[in-house]
Amino acid sequence: MVPSFAKRETYDFGATRESFDVYEELNAIAEEIEACRLRNC
């Protein structure tokens, strides 16, 4: 296998405190959904 030195595309979303708060809320929702899913198995 030959290593590739091509750069991967990256995105800078300019994380702010507000966007961090949104990610925290989305993670909390995801954890709640996972807990419900596990209870209903």
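Basis for what follows: all heavy atoms, side chains included, without hydrogens, waters or symmetry-related copies.
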With sequence neighbours left out, write down each residue that passes side-chain hydrogen bond (donor to acceptor under 3.5 Å, both in side chains) with D21, or none if nothing qualifies.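 By the side-chain hydrogen bond (donor to acceptor under 3.5 Å, both in side chains) rule, D21 matches R17.
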Pairing residues for E25 by the salt bridge (charged side-chain N to carboxylate O under 4.0 Å, His left out) criterion, not counting sequence neighbours: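 Partners of E25 under the salt bridge (charged side-chain N to carboxylate O under 4.0 Å, His left out) test: none.
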E18: what forms a salt bridge (charged side-chain N to carboxylate O under 4.0 Å, His left out) with it, not counting sequence neighbours?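 Residues passing salt bridge (charged side-chain N to carboxylate O under 4.0 Å, His left out) with E18: none at all.
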Quick one: side chain to side chain contact (heavy atoms under 4.5 Å, CB included) partners of E31, sequence neighbours excluded?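 Side chain to side chain contact (heavy atoms under 4.5 Å, CB included) check on E31 returns nothing, list empty.
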Other members of the hydrophobic cluster containing I29, with the 4.5 Å side-chain heavy-atom rule, please.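 Result for I29 is I33.
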Please check if the number of heavy atoms outside E24 that lie under 6.0 Å from its CD is greater than 12.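 Enclosed: over 12 neighbouring heavy atoms sit under 6.0 Å from CD of E24.
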